[in-house]
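Accompanying notes for the structure given below.
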Amino acid sequence: MAETVRVRFAPSPTGHLHIGGARTALFNYLFARQNGGSFILRIEDTDRTRSTEEYIDSILEGMRWLRLDWDEGPYRQTDRFDLYRRYAQRLVEEKKAYYCTCSPEELERRRQEALAAGRPVRYDRRCRNSQTAFTGPSGAIRFMMPEEGQVGVPDLIRGEIVFDNAQLDDLIILRSDGTPTYNFTVVVDDVDMRITHVIRGDDHLNNTPKQIHIYRAFGYTVPAFAHVPMILGADKTRLSKRHGATSVIAYRDMGYLPEALVNYLARLGWSHGDQEIFSLDELVRYFSFAHIGKSAAVFNPEKLLWLNGQHMMKSSPGKLAELVIPFLKKMSLIDDGEELDRSWLARAVSTLQERAKTLTELAQSLSFYIADRIEYNVKAKEKFLNERTFGYLIDVRDTLAKVEPFAAAEIEKAFHAISEKHQVKLGAIAQPVRVAVTGKTESPGIFEVLEILGRAKAIERLGRAIEDIQARS
RNA sequence: GGUCCCAUCGUCUAGAGGCCCAGGACGUAGCCCUCUCAAGGCUAAAACACGGGUUCGAAUCCCGUUGGGACCGCCA
């Protein structure tokens, strides 16, 4: 009988939720949901000097935005120091850990020496056999690594990886100030929280054999491991601030859709045949460790942008209308208290959503619908608002005043009639109107645009363009 | 320096010995559609790091080389 799956995401709050962390969280989430298990959130804030409340809030915000809802937590390691001390004490009592009184300065000196001499950088274990090794209490507590033999790390992505115990250090589990260290808290917490699968970045791969020995010292069963490959920047080094936006929240603010980021992150290093576009449900259904690649992946912002465009196209206009409002406010296209008619906005959005790759772009492209007065693009004005098009604009204005109903299909008929009358192609009429009405040479279909703009606004803008031409001639 | 991991188009990847003179996607270029811009469709250029094995047969298995990465802290 398989035990219920329990997984966790355990970020340290020393920065915002970044792309790499988000993907680790996502894989944990997908695996939990696929197996009807629990997804636990644990904040690893034992480094008090670098952890902040702001980052904790920011990480939670990022998780919520991505809809990676967790079932337990957030637990905080700083609330659990008593637990770690008890466990550490137990190891000392069982003579599986010992007090080390070497000073940090001394240790640092020896490490530098070893590094310079090209020797392995490891603690020399001089306190391991001292008189006071197990009596203390003073100094830091070190874990006694076995000196011989090997450990196998079974990994769901890479298979079994074997390490020589002789390479492993007697790592410090409790600092001399009584606070626990990472490699120890991870094991204690994963045991205490009954974690069945540890899914994390492969930067932890080298820590795993040490952790396995700690599990064994306690007599606990070792969870399954899955070390997912890193995400790299374009220069193939570990993704960092130098590579541009790396925090999840930054993508939200740039107008990305959470489902698009999730889709992209999942596809980065994982695949399901040739499929590129996935809903969260599909990801839950198809996720498997077998299809996670072994090599690191380069983050490609352009593909993310494309994917976002795809998800924009698939979204309902109503939903996008809702989501774009904060962006319209940010751009001062509407005032803070101002309410736009949602169904009208949704219609406007429906004409633009396949043209905009982000909510920011959508908000920008929406501006001609919303603004009271549009700006003409200078080149567009020169080319399309002039004596040559003057007559067309007059005809269109006068016709639009009479079209009934004021709907795209009727407007189209009227345009065809005008183009036939002047013996020109439709484009000869449509482009000047487009510039008159949107200020630009590109827009959604002109008939749709006119319908949504409404008769009054359309005629007003045409009128203004006509006056503009007159004023110049 | 030591340990460990990795290696298919520029990038993400498919590929679990013959289906592969290597497929899809992003990006790039061209064409089609068309009132513009998108979207969509079609086409093109573009890769199995290198060298040895094993095998009737290797992108796929083994070894080595090279290259990249991670870790080696009283950071996580």
Side-chain angles (χ1 to χ4, degrees), chain A residues 10-14 44-47 49-51 77 100 102-104 107-108 111 114-123 139-142 153 155 158 161-164 166-169 171-177 179-183 185-186 201-209 227 229-230 232 234 236-238 264 267-277 290-291 293-307 309-310 313 352-357 365 380 384 412 415-416 419 425-431 433-435 438 440-447:
Chain A
S12 66
T14 54
E44 309 217 321
D45 55 351
T46 54
D47 183 351
T49 57
R50 295 201 304 148
S51 304
Q77 292 191 321
C100 171
C102 299
S103 75
L107 291 169
E108 182 58 23
R111 199 179 45 238
L115 220 44
R119 278 181 283 126
V121 186
R122 231 170 299 130
Y123 176 57
I141 297 180
R142 281 186 189 272
V153 176
D155 188 280
R158 288 158 219 270
I161 302 155
V162 178
F163 293 79
D164 282 331
Q167 298 297 331
L168 274 21
D169 213 350
L171 79 189
I172 287 175
I173 58 176
L174 211 66
R175 301 183 186 101
S176 44
D177 67 359
T179 60
T181 60
Y182 168 76
N183 280 110
T185 57
V186 177
D202 77 3
D203 45 337
H204 289 292
L205 194 52
N206 287 290
N207 287 324
T208 309
H227 289 95
M230 305 264 81
L232 274 24
K236 303 240 183 189
T237 63
R238 195 180 175 147
Y264 179 72
R267 257 312 262 103
L268 195 58
W270 171 87
S271 62
H272 180 72
D274 287 339
Q275 188 171 344
E276 296 287 349
I277 297 170
H291 287 97
K294 294 183 171 83
S295 53
V298 174
F299 182 77
N300 182 346
E302 285 180 331
K303 187 151 182 181
L304 169 60
L305 187 63
W306 169 78
L307 212 37
Q310 294 293 312
M313 279 188 254
L352 289 163
Q353 68 186 105
E354 72 176 23
R355 279 157 246 261
K357 294 219 192 297
S365 63
F384 293 107
E412 179 165 6
F415 266 66
H416 281 293
S419 76
K425 285 195 280 192
L426 188 59
I429 310 291
Q431 272 310 76
V433 172
R434 172 170 282 115
V435 175
T438 71
K440 295 173 296 186
T441 52
E442 68 280 347
S443 82
I446 192 65
F447 316 123

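In what follows, chains are A, B, ... by sequence order, proteins preceding strands, each numbered from 1. These figures come from a predicted structure and were not determined experimentally.
If you find the closest nucleotide of RNA chain B to A:His272 and to A:Leu304, the one lying nearer the 5' end belongs to A:His272. Judged by closest nucleotide on RNA chain B, A:Glu412 is the one of A:Glu412 and A:Asp202 placed further toward the 5' end.
Distance check on atom P: B:rG51 versus B:rA38 gives 44 Å, rounded to whole Å. Using atom C1' as the reference point in both B:rA22 and B:rC31, the two lie 26 Å apart (nearest Å). The gap from the C1' atom of B:rC20 to that of B:rC26 amounts to 23 Å, rounded to the nearest Å. The P atoms of B:rG2 and B:rC19 are separated by 42 Å, rounded to the nearest whole Å. Using P as the reference atom, B:rA29 and B:rC72 are 44 Å apart when rounded to the nearest Å. Across B:rA39 and B:rC48, the matching C1' atoms stand 34 Å from one another, rounded to whole Å. Taking atom C1' in both B:rC12 and B:rA46, the straight-line distance is 15 Å, to the nearest Å. Spacing of C1' atoms, B:rC50 relative to B:rA45, comes out at 25 Å, to the nearest Å.
Listed pair A:Arg238 / B:rC71 meets the phosphate criterion, a side-chain N or O lying under 4.0 Å from OP1 or OP2.
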Notebook entry, point to check: Should A:Thr441 and A:Val435 be marked as a side-chain contact (heavy atoms from CB on, under 4.5 Å) after you check the CA-CA gap, both sets of side-chain angles, and the distance that decides it?
Noted result: CA-CA 6 Å; A:Thr441 52; A:Val435 175; 4.2 Å; yes
Margin query: If you apply the rule salt bridge (Lys or Arg N to Asp or Glu O under 4.0 Å), what do you find for A:Arg158 with A:Asp202, and how did you get there?
Written below: CA-CA 10 Å; A:Arg158 288 158 219 270; A:Asp202 77 3; 2.9 Å; yes
Check: Given the rule in the side-chain contact (heavy atoms from CB on, under 4.5 Å) test, do A:Ile277 and A:Arg267 qualify, once you have shown the distances and angles that lead to the verdict?
Finding: CA-CA 9 Å; A:Ile277 297 170; A:Arg267 257 312 262 103; over 6 Å; no
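As judged by a 4.0 angstrom heavy-atom cut-off over every strand, A:Phe163 is placed among residues touching the sugar-phosphate backbone only. Counting any heavy atom pair closer than 4.0 Å across all strands shown, A:Gln310 reaches sugar-phosphate atoms only and no base atom. Nucleic acid contact for A:Pro11: none, since no nucleic acid atom lies under 4.0 Å from a heavy atom of the residue. Residue contacts shown for A:Thr185 are absent, as no nucleic acid heavy atom lies under 4.0 Å away. Residue contacts for A:Gly445: at a heavy-atom cut-off of 4.0 Å it reaches a base atom on one of the strands shown. At the heavy-atom level, A:Leu268 lies under 4.0 Å from the strands shown only through sugar-phosphate atoms. A:His204 comes within contact range of at least one nucleobase, with a heavy-atom separation under 4.0 Å.
The nearest whole Å value for the distance from the CG atom in A:Leu305 to the C1' atom in B:rU11 is 15 Å. Rounded to an integer number of Å, the gap from CG of A:Leu171 to C1' of B:rC71 is 13 Å. A straight line from OH of A:Tyr264 to C1' of B:rC26 spans 9 Å, rounded to a whole angstrom. Per the geometry, CG belonging to A:Asp274 stands 8 Å off P belonging to B:rA25, to the nearest Å.
If you check distances only, the side chain of A:Glu276 does reach the base of B:rG24 with a donor-acceptor pair under 3.5 Å. Contact annotation: side chain of A:Arg158 to base of B:rC5, donor-acceptor pair absent below 3.5 Å.
What you find for A:Ala10 and A:Glu44 is that their closest heavy atoms are CB-OE2, 3.4 Å.
As the counterpart of B:rC4, B:rG69 is assigned, both hydrogen-bonding distances of the Watson-Crick or G-U wobble pattern falling under 3.5 Å.
No salt bridge links A:Asp169 with A:Arg142; every basic N to acidic carboxylate O contact stays at or beyond 4.0 Å. We find that A:Glu442 and A:Arg434 are not joined by a salt bridge, their nearest charged nitrogen and carboxylate oxygen being 4.0 Å or further apart.
For the residue pair A:Thr49/A:Asp47, the side-chain donor-acceptor check at 3.5 Å is satisfied.
Residues A:Tyr123 and A:Ile172 have side chains not in contact (no heavy-atom distance under 4.5 Å, counting atoms from C-beta outward).
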Tabulate protein N/O versus nucleotide N/O from nucleotides 72-74 of chain B, keeping only pairs under 3.5 Å, one per line.
unit_1: B:rC72; atom_1: O2'; unit_2: A:Val121; atom_2: O; d: 3.1
unit_1: B:rG73; atom_1: O4'; unit_2: A:Arg111; atom_2: NH1; d: 3.1
unit_1: B:rC74; atom_1: O3'; unit_2: A:Arg175; atom_2: NE; d: 3.4
unit_1: B:rC74; atom_1: O2; unit_2: A:Ser176; atom_2: N; d: 3.1
unit_1: B:rC74; atom_1: O2; unit_2: A:Ser176; atom_2: OG; d: 3.0
unit_1: B:rC74; atom_1: N3; unit_2: A:Ser176; atom_2: OG; d: 2.8
unit_1: B:rC74; atom_1: N4; unit_2: A:Cys102; atom_2: O; d: 2.9

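In this pair, A:His416 and A:Phe447 present their aromatic rings tilted. The plane angle is within the 30 to 60° band.
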